[in-house]
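Before any comments, here is the structure.
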Protein chains: 2
Amino acid sequence: MNATATNSADSYSISELAQEFGITTRTIRFYEDKGLISPERRGQTRVYSPEDRVRLKLILRGKRLGFSLDESREIIDMYDPAHGNLEQLSRLLERIESKREQLRQQQRDIEKMLAQLDEATARTQAALKEHSN
Amino acid sequence: MNATATNSADSYSISELAQEFGITTRTIRFYEDKGLISPERRGQTRVYSPEDRVRLKLILRGKRLGFSLDESREIIDMYDPAHGNLEQLSRLLERIESKREQLRQQQRDIEKMLAQLDEATARTQAALKEHSN
DNA sequence: GTTGACGTTTACGTTAACGTAAACGTCAAT
DNA sequence: ATTGACGTTTACGTTAACGTAAACGTCAAC
């Protein structure tokens with residue numbers, strides 16, 4: 001009943017993660033190629049930490065919002081300890097605010113679309129009533 | 001001061017729409033190729049109606065939400081008079097509800113991302129304070 | 001009458017995000 | 001010792017959504 005049967009610490013195999021998130025192992029390796037995840041190696045085999053899992057989660061969440069991998073990478077980079085100098089830090093703040101604005105735009109878009117769908121539902125149900133003549 | 005200087009009714013040229021929405025004319029023609037817009041022709045020239053403009057708006061809104069052109073087409077199709085038979089109508093209702101669920105998922109994703117960005121802001125500001133030593 | 005702004009079609013090029021296949025290693029089970 | 005499940009690398013293929021260039025028509029302006 002344990003997801004990491006043979007592993008001592010919290011770690012995952014590539015196929016475990018693939019199955020959990022409904023993606024292929026090829027996809028996960030592709031993300032590694034693009035520098036989004038860097039799992040450890042036990043010999044030649046990839047071993048994923050809980051942090052790696054979180055990164056995957058963030059990537060897929062970004063995907064659902066239509067973000068590119070580069071954009072997701074940006075968001076992930078915003079998460080870890082801002083290690084830069086003062087200028088880098090203020091630019092980071094700007095980028096964060098920029099993302100925030102983008103997300104707010106998406107919220108507005110969603111509201112409008114949901115309203116449209118409400119209307120569509122109404123019209124369709126009306127058309128259905130017409131059919132019951 | 002009129003957007004449709006030489007036109008009698010409400011209509012737009014391809015470059016007017018391109019400029020208004022910040023896209024290229026090539027993009028608009030591409031959407032036409034894909035069957036998302038079907039402007040009239042005055043001779044060989046495309047003439048866009050207000051309805052065409054709305055369609056464009058919906059497409060671009062979909063884009064901002066990461067929807068493919070096919071998905072946007074679906075949403076647009078949901079808007080016009082549901083002309084089908086009873087079975088088609090109920091399937092339409094299902095598709096609408098499906099889209100609605102997808103949008104709700106996006107709302108949740110956005111909430112979580114915004115929370116992450118809040119944390120990121122806090123950490124970055126903390127790092128900035130460290131710098132003022 | 002030619003220049004320039006705007007339009008057209010046709011077609012090849014490009015980038016992102018994987019899919020898919022080949023060819024191979026490894027280890028547990030039969 | 002061979003089968004099967006899982007892992008690896010390398011590499012070519014694919015789809016979506018345009019970009020870009022070529023080659024041309026049209027119409028008002030100079």
Side-chain angles (χ1 to χ4, degrees), chain A residues 2-8 11-49 52-53 55-76, chain B residues 2-8 11-49 52-53 55-76:
Chain A
N2 194 332
T4 65
T6 53
N7 284 326
S8 44
S11 65
Y12 313 86
S13 77
I14 192 170
S15 50
E16 279 172 354
L17 289 183
Q19 189 170 17
E20 173 177 2
F21 293 114
I23 57 183
T24 69
T25 61
R26 173 70 180 87
T27 298
I28 296 180
R29 289 196 202 95
F30 177 76
Y31 292 159
E32 182 176 349
D33 269 11
K34 294 296 165 179
L36 291 172
I37 315 180
S38 306
E40 291 174 14
R41 299 287 181 124
R42 203 152 294 173
Q44 184 187 29
T45 301
R46 279 163 251 248
V47 180
Y48 295 85
S49 71
D52 292 327
R53 211 186 76 113
R55 281 168 165 273
L56 240 186
K57 236 181 182 173
L58 293 179
I59 296 169
L60 299 178
R61 182 177 295 156
K63 269 191 65 174
R64 287 196 300 269
L65 293 174
F67 289 0
S68 72
L69 293 186
D70 279 352
E71 289 178 309
S72 289
R73 191 213 321 277
E74 256 205 286
I75 293 177
I76 291 175
Chain B
N2 195 332
T4 65
T6 54
N7 284 326
S8 45
S11 66
Y12 314 86
S13 77
I14 191 170
S15 50
E16 278 173 356
L17 289 183
Q19 188 171 16
E20 173 177 1
F21 292 114
I23 58 185
T24 69
T25 61
R26 173 70 180 86
T27 298
I28 297 181
R29 288 195 202 95
F30 177 76
Y31 293 158
E32 182 177 348
D33 269 11
K34 294 297 165 177
L36 291 172
I37 314 182
S38 305
E40 291 173 13
R41 298 288 179 124
R42 202 152 296 173
Q44 185 187 30
T45 301
R46 277 162 252 248
V47 179
Y48 295 85
S49 71
D52 291 328
R53 211 186 76 113
R55 281 168 165 272
L56 240 185
K57 232 180 184 174
L58 292 179
I59 296 169
L60 299 177
R61 182 178 294 156
K63 269 192 65 176
R64 287 197 299 270
L65 293 173
F67 289 0
S68 72
L69 294 186
D70 280 352
E71 289 177 308
S72 289
R73 191 212 321 277
E74 255 205 288
I75 294 177
I76 291 175

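Please read these numbers as outputs of a predicted model, since none were measured by experiment.
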>> Can you tell me which residue among B:R64, B:E71, B:K63 is in a side-chain contact (heavy atoms from CB on, under 4.5 Å) with B:F67?
In response: B:E71
Could you tell me the separation between the [atom1] atom of [X] and the [atom2] atom of [Y], rounded to the nearest 0.5 Å?
| X | Y | atom1 | atom2 | result |
| --- | --- | --- | --- | --- |
| A:S11 | A:D52 | OG | CG | 10.0 Å |
| A:Y31 | A:S38 | OH | OG | 15.0 Å |
| B:I14 | B:T24 | CD1 | OG1 | 8.5 Å |

> Mapping B:K63 and A:S15 to their closest nucleotides on DNA chain D, which lands nearer the 5' end?
Replying inline: A:S15
>> If the condition is side-chain contact (heavy atoms from CB on, under 4.5 Å), which residues does A:F21 pass it with, not counting sequence neighbours?
In response: A:L17, A:I23, A:R53, A:L56, A:K57, A:L60
> Residues in side-chain contact (heavy atoms from CB on, under 4.5 Å) with A:Q19, at least two apart?
Replying inline: none
> Can you check whether B:L69 reaches B:R73 side chain to side chain, under 4.5 Å on heavy atoms?
Replying inline: no
> More 5' along DNA chain C: B:D33 or B:I14, using each one's nearest nucleotide?
Replying inline: B:I14
> For B:L36, does its backbone N or O pair with a side-chain atom of B:R55 as donor and acceptor, under 3.5 Å?
Replying inline: yes
>> Under 4.0 Å from a heavy atom of chain A: give me the 5'-most and 3'-most nucleotides of DNA chain C that qualify.
In response: C:dA17 to C:dT20
> Between residues 20-31 of chain A and DNA chain D, which residues have a heavy-atom gap below 4.0 Å?
Replying inline: A:R26, A:R29
>> Applying side-chain hydrogen bond (donor to acceptor under 3.5 Å, both in side chains), can you list everything that pairs with A:T45, at least two apart in sequence or on another chain?
In response: none
> When you look for runs of 3 or more Watson-Crick or G-U pairs in a row, both distances below 3.5 Å, which of them include DNA chain D?
Replying inline: C:1-30 with D:1-30
> Do the charged groups of B:R46 and B:E16 touch, with an N to O distance under 4.0 Å?
Replying inline: no
